[in-house]
2 protein chains.
Amino acid sequence: MAPENLQTLLDFFKVLSDETRLKLLGLLAQRECSVEEMAALLHLKAPTISHHLAKLKSLNLVLLNPEGNTHLYRLNSEQLQLLSRDLLSSEQLKTLAQSVQPEAWETTVLKAFVENDRILSIPAARKKRFVLLKWLVQKIEPDRDYSEKEINAILKQHHEDCATLRRELIGYQLMSRKDGTYRRLPPTEWLQEAGNFN
Amino acid sequence: MAPENLQTLLDFFKVLSDETRLKLLGLLAQRECSVEEMAALLHLKAPTISHHLAKLKSLNLVLLNPEGNTHLYRLNSEQLQLLSRDLLSSEQLKTLAQSVQPEAWETTVLKAFVENDRILSIPAARKKRFVLLKWLVQKIEPDRDYSEKEINAILKQHHEDCATLRRELIGYQLMSRKDGTYRRLPPTEWLQEAGNFN
DNA sequence: CAGTTGATTAGATACTTATCTAATTAGAAT
DNA sequence: ATTCTAATTAGATAAGTATCTAATCAACTG
């Protein structure tokens, strides 16, 4: 569903992103015109007009009424309204990105900061740190309590500075601490985005 | 007023008529992203993303929120709605053609069919015939009655077949006949377009 | 202060496409 | 039938632009 939507939108904008074609639409909104007439009015040659009309036809934006030898074109207003209405509603918009796989970015980050399950360094950038911490928290089992000592032991396997990591896991709300016991939070309770808590 | 409108519309469509930029909008509609992140997600290099962001910025479609070194972009939804709403209403559309001078076409037709005030031949195409007849009717004074003989005399100065011309002037409603007297109609009563009365 | 990271700018390349001329098609008029 | 007219199609050219690499800029890190 998503890619077709993207393609539809793209085709629409591509067709309308040309000065000559916009002028043609304006012209045909006022009256029906022959190809020759449009060419004269826009100071272009007839084949050029045919070229543009073909693009407008591909979206059904013009209607042809042949009269003898001459082709009289007019605007298909209904189709124009149909296409231009709600094209960029926020719901529509979000579908445009459905073709991108979100893991691409996180993979890149992890490749840069992790090697053989060891953290090479802790990213400074907030978003990257969040990616790393989401990877790290998976090393901790869900649905059970940990003492600080246990947490430290696990974190140490991946990086020296377990204190910073522990603090960050809490700060980014990937882990909770209550009465000195730690617990991994389920992904459903994670922040959508890395919150700016610093 | 008209050309600015055309340019605005054109700029808008040009910016949105690119697959990568549409995907960026979709992405930024969901969450804020850094340039690096967008590059990774779309499998492009950072400079390419910068290039596209510059175009989106030119329309104020994205907002920048610098966080340390990284530039976090997000969608400017209000601006997008503003731009996309009513862009192609029929009133707007008609202004798009305001830069074309309507006489260009008629001049071309007259040049092809008239020489030294003589009609070389009567165009077969309805629209061209209308152009010629509008030129011809100006040879007849307004606000006075003519007998058929007088009309014929005038028309004969421009073409042999005055009977056809006389009939056509009536048919296209450029001239009226009542009780055998003829009278030129004011332009305000002309048909907007050459009616299909054959 | 030097080094690093993320973003932008400059410049080169390749792809797309608007426009033209020439050739073809379709239909009407003579 | 032949000619003429209007439109389209084919093919060539030139202008615009998306993308890349390399270089520069800005801001943080150590």
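The structure displayed is predicted, hence computed values, not measured ones. Lettering of chains follows the sequences in order, A, B, ..., and the numbering in each one begins at 1.
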Quick one about B:Tyr73 and B:Glu32 (side-chain donor to acceptor, distance below 3.5 Å, no hydrogens or angles considered), yes or no?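 No pair is found: no donor N or O on one side chain lies under 3.5 Å from an acceptor on the other.
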Between B:Asn5 and B:Thr95: side-chain donor-acceptor atoms closer than 3.5 Å: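 There is such a pair between these side chains.
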Under 4.0 angstrom, heavy atoms only, what part of the nucleic acid is B:His71 near: base, sugar-phosphate, or nothing?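 B:His71: backbone/sugar contact only, no base atoms under 4.0 Å.
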Under 4.0 Å between any heavy atoms, over every strand shown, what does B:Thr48 touch: base, sugar-phosphate, or nothing? Just pick one.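 Base, at least one base heavy atom under 4.0 Å.
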Salt bridge check: are [X] and [Y] linked by an N-O gap of less than 4.0 Å?
X	Y	value
B:Arg126	B:Glu168	no
B:Arg183	B:Glu141	no
A:Lys127	B:Glu67	no

Which two nucleotides bound the region of DNA chain D that has atoms under 4.0 Å from heavy atoms of chain B, read 5' to 3'?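 With heavy atoms of chain B under 4.0 Å away, the range is D:dA6 to D:dC28.
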Side-chain donor or acceptor of [X] paired with backbone N/O of [Y] under 3.5 Å:
X	Y	answer
B:Arg21	B:Val15	yes
B:Ser84	B:Leu80	yes
A:Arg129	A:Ala124	yes

Starting at [atom1] of [X] and ending at [atom2] of [N], how long is that distance when rounded to a whole Å?
X	N	atom1	atom2	answer
B:Asp18	C:dT16	CG	P	13 Å
A:Phe13	C:dT17	CZ	C1'	19 Å
A:Lys14	C:dA18	NZ	C1'	14 Å
B:Leu56	C:dA7	CG	C1'	16 Å
B:Glu19	C:dT17	CD	P	12 Å

Ignoring hydrogens and angles, write down the donor-acceptor pairs under 3.5 Å from the side chains of residues 152-165 of chain A, residues two or more places apart or on other chains.
| unit_1 | atom_1 | unit_2 | atom_2 | d |
| --- | --- | --- | --- | --- |
| A:Asn152 | OD1 | A:Arg166 | NH1 | 2.8 |
| A:His158 | ND1 | A:Asp117 | O | 2.7 |
| A:His159 | ND1 | A:Asp161 | N | 3.1 |
| A:Asp161 | OD1 | A:Thr164 | N | 3.1 |
| A:Asp161 | OD1 | A:Thr164 | OG1 | 3.1 |
| A:Asp161 | OD2 | A:Thr164 | OG1 | 2.5 |

Could you list the residues that satisfy side-chain hydrogen bond (donor to acceptor under 3.5 Å, both in side chains) with B:Lys45, not counting sequence neighbours?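 Partners of B:Lys45 under the side-chain hydrogen bond (donor to acceptor under 3.5 Å, both in side chains) test: none.
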Among residues two or more places apart or on two chains, list those pairs meeting salt bridge (Lys or Arg N to Asp or Glu O under 4.0 Å) that have a residue in residues 99-116 of chain B.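 Qualifying pairs, neighbours excluded: B:Glu106-B:Lys134.
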On DNA chain D, compare the nucleotides closest to B:His52 and A:Ile49; which residue's is nearer the 5' end?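 Nearest nucleotide further toward 5': that of A:Ile49.
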Please figure out whether B:Thr20 or A:Val35 has its closest DNA chain D nucleotide nearer the 5' end.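 It is A:Val35 whose nearest nucleotide is closer to the 5' end.
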Among residues 104-117 of chain B, which residues get a heavy atom nearer than 4.0 Å to DNA chain C?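 Result for residues 104-117 of chain B: none.
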Any side-chain N or O of A:Lys55 less than 4.0 Å from the OP1 or OP2 oxygen of C:dA18?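 Result: yes.
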Under 4.0 angstrom between A:Lys128 side-chain N/O and C:dG6 OP1 or OP2: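 For A:Lys128, the contact criterion (side-chain N or O under 4.0 Å from OP1 or OP2 of C:dG6) is met.
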Using heavy atoms to find the nearest nucleotide of DNA chain C for B:Leu72 and A:Lys45 separately, return the residue whose nucleotide is more 5′.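 Result of the comparison: B:Leu72.
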Restricting both atoms to N or O, compile the protein contacts to nucleotides 28-30 of chain C shorter than 3.5 Å, with distance only.
none

